[in-house]
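Heavy-atom basis, side chains included; hydrogens, waters and symmetry copies ignored. All chains are named by letter (A, B, ...) in the order of the sequence lines, taking the proteins before the strands, and each is independently numbered beginning at 1.
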Amino acid sequence: MQTDKGMSADVVELRAALLGWYGENARDLPWRRTRDAYVVWVSEVMLQQTRVAAVVEYFGRFMREFPTLEALAEAEEERVLAQWSGLGYYRRARMMHKAARMIVAEFGGRMPETAAELRALPGVGEYTAAAVASISHGEAVPVVDGNVERVLLRLCGPQLAEAGGNGKPAVGALRTAAQRFLDSQRPGEFNQAMMELGATVCLPRNPQCGECPVRTHCSTQGEHETGPAKQMRSRQVAYVLMQRNWGPKTEVLLRRRGEDESQMPGMWELPAAPEGGLPDESVVLTVRHAITNTNYYVTIYELPWEEKRTLKAPRGSLQWVKLRELGEVPLTGLTRKVLKRTKILPGTAKGALA
DNA sequence: AACCCGTGGAA
DNA sequence: TTTCCAAGGGT
C-alpha cells in the first residue's frame, strides 16, 4: 500500500475532483443522514443487488418498525420477513435478523466496528463489511461493487481489465486499484462518491462522459464491453384466488411455502391450481412475473371457497387470512402483485380485471 | 467457480 | 413486448 506522501499528483487531483463533485451532486438519501452503524448496515443489505428507488420506501418502514439493533433482534422472523415482503432476496432478511441476534448474544449488543469483524456476520461479505466500516467508522478500506468495478475498468483501461489473464479482471487487482485511489482521510465519502459516479454518470450503457468530474483521468472515455446476456427461460404457472365472507371480514386463502424450499422459504403465496387446469371462465388475471432468468407466465383462477377441498397442499399449509392481516404476512412479490391488481390490496391496479 | 436467489423500472 | 440489470452473498 502506498502512503499519501508517495502518491502521484494525478491521484491526489482525482480524489479532489471526485469528492468535490460528490459534495455538489450527492443525492439526499435517508440513510445518508446518519453514520449510525446499525442504520448504515440495514441500508447496505437492502441495497445489495437492489435499486436505490426500490429501497427508499422499504428502508423508511423498516426503520420505523425496527429502530434499533435490539428491536430487530427481539422481533419474530416472520415480522422481519413481512417488512421485507416485495423487496426480494429474502435470505438477506433472514441472515440480517440472525446476525442481529448474534450481536446481542455474543457482543452484548455492540455492533462490530472493523471490516474484518463485520465480515464474520452472516450476510456481510467483502462489500458490505467495507461499506459499513468506512462510512460509519472512517476505516480506510475500499468498496468494490458493480459500480466501482465499472468505474475502475474505465479509468484504468485494458491493463486492469485483462489482469485476470482469462479475459476477466482479477478481483485482487480491482481491490488494489480501489485501495490506491481511496482517500484514506475521507474513505466513507470517497467510497460513496465512486458508487454515486457509477450510478449516475459512469453508466453501463451511454456513460455521460461530458459530465464526468474525472474524465481527464480516464483512459477509455467510457468504452467498456459488457458480457453476453443470459438466456431467459419461460414457465407456465397457475394459482387459485379464493375468498370467503364479505366486507371487513373478507378472508383470502393462502399457502405457506415450506422452510426447505430453495425459493422464498416460509413465505406466503396463493395456492397452486390443480394440475389438470381449470375452465377458462374462471381466469381473472394473467400476468408475467420475472424471477432472475425465468419469465413466469401466470394464470390466476378465481374459485368459490367451497372448492377448497379440490386443492392439494401439505397438511396445515393452507390458511384463511383476513384482509387486515395481510400487511403482517410475508407475502411473495408475485402474490402481492396479484392481490394489488385484483384490488384486494391497496395500490396501483394496472393490468387488473378488464 | 458457476449458479442460485426477487423485483420492477428503464431501454 | 422482452430484455437488461442494480450499493452481493452463500454455496
Side-chain angles (χ1 to χ4, degrees), chain A residues 22 26-27 29-32 40-59 81 84-96 98-99 118-132 134-135 142-151 164 166 168 170-171 174 178 188 190-200 202-206 226-234 257 261-267 269 286-298 330-338 340-341 347-348 350-351:
Chain A
Y22 183 66
R27 290 167 291 180
L29 302 171
W31 46 88
R32 285 181 174 164
V40 173
W41 177 37
V42 171
S43 73
E44 291 298 343
V45 173
M46 285 190 168
L47 285 162
Q48 289 168 7
Q49 294 288 286
T50 308
R51 295 177 190 281
V52 166
V55 168
V56 169
E57 179 188 347
Y58 279 86
F59 175 81
L81 285 174
W84 208 273
S85 169
L87 195 55
Y89 288 130
Y90 299 100
R91 197 168 48 169
R92 293 182 295 177
R94 293 166 172 273
M95 289 188 295
M96 189 169 70
K98 181 189 284 186
L118 287 160
R119 182 70 179 77
L121 297 172
V124 177
E126 286 298 323
Y127 164 78
T128 304
V132 174
S134 63
I135 295 169
V143 299
V144 181
D145 72 333
N147 285 315
V148 174
E149 174 172 341
R150 182 174 60 256
V151 170
N166 54 359
K168 288 180 173 180
V171 175
L174 284 167
F190 183 89
N191 280 334
Q192 294 188 81
M194 287 286 280
M195 295 189 282
E196 191 87 346
L197 187 71
T200 63
C202 194
L203 304 169
R205 295 166 291 191
N206 308 112
T226 55
K230 280 162 284 184
Q231 183 72 28
M232 290 292 284
R233 294 180 303 174
S234 292
R257 297 175 63 87
E261 297 190 49
S262 64
Q263 284 190 136
M264 298 167 279
M267 304 285 289
E269 64 182 357
T286 60
V287 294
R288 184 177 62 86
H289 189 72
I291 294 181
T292 54
N293 65 336
T294 303
N295 279 321
Y296 291 89
Y297 292 90
V298 185
L331 303 173
T332 67
L334 172 56
T335 295
R336 183 172 294 283
K337 182 190 288 187
V338 169
K340 278 183 181 176
R341 293 198 183 180
T348 54
K350 56 179 178 179

Indicate, with a heavy-atom threshold strictly under 4.0 Å, whether A/Leu29 touches base, sugar-phosphate, or nothing. base
Name the nucleic acid region contacted by A/Arg336, choosing base, sugar-phosphate or nothing; use a 4.0 angstrom heavy-atom cut-off, strictly under. nothing
Within the structure shown, what part of the strands sits under 4.0 Å from A/Arg288 by heavy-atom distance: base, sugar-phosphate, or nothing? base
For A/Trp84, answer base if it contacts any base atom (sugar-phosphate contacts may also be present), sugar-phosphate if it contacts only those atoms, and nothing otherwise; contact means non-hydrogen atoms under 4.0 Å. nothing
Between B/dG6 and C/dT11, how many Å separate the two P atoms, rounded to a whole number? 14 Å
For A/Arg32, report the nucleic acid contact type (base, sugar-phosphate, nothing); a contact means any heavy atom under 4.0 Å. base
Under the side chain to side chain contact (heavy atoms under 4.5 Å, CB included) rule, collect the residues that match up with A/Val171, sequence neighbours excluded. none
With 3.5 Å as the limit, what N/O pairs link the protein to nucleotides 9-11 of chain C?
{"from": "C/dG9", "atom 1": "OP1", "to": "A/Gly125", "atom 2": "N", "distance (Å)": "2.9"}
{"from": "C/dG9", "atom 1": "OP1", "to": "A/Thr128", "atom 2": "N", "distance (Å)": "3.0"}
{"from": "C/dG9", "atom 1": "OP1", "to": "A/Thr128", "atom 2": "OG1", "distance (Å)": "2.5"}
{"from": "C/dG9", "atom 1": "OP2", "to": "A/Tyr127", "atom 2": "N", "distance (Å)": "3.3"}
{"from": "C/dG9", "atom 1": "N2", "to": "A/Arg91", "atom 2": "NH2", "distance (Å)": "2.7"}
{"from": "C/dG10", "atom 1": "OP1", "to": "A/Gly123", "atom 2": "N", "distance (Å)": "2.6"}

Does A/His289 make a side-chain N or O approach to OP1 or OP2 of B/dG6 shorter than 4.0 Å? no
For A/Gln263, answer base if it contacts any base atom (sugar-phosphate contacts may also be present), sugar-phosphate if it contacts only those atoms, and nothing otherwise; contact means non-hydrogen atoms under 4.0 Å. sugar-phosphate
Choosing from B/dT7, C/dA6, C/dG8, which nucleotide comes nearest the side chain of A/Asp145? C/dG8
Can you confirm whether A/Glu44 sits close enough to A/Tyr127 that some side-chain heavy atom of one is under 4.5 Å from a side-chain heavy atom of the other? yes
Is there, by distance only and without an angle test, a donor paired with an acceptor across the side chain of A/Arg51 and the base of C/dC5 below 3.5 Å? yes
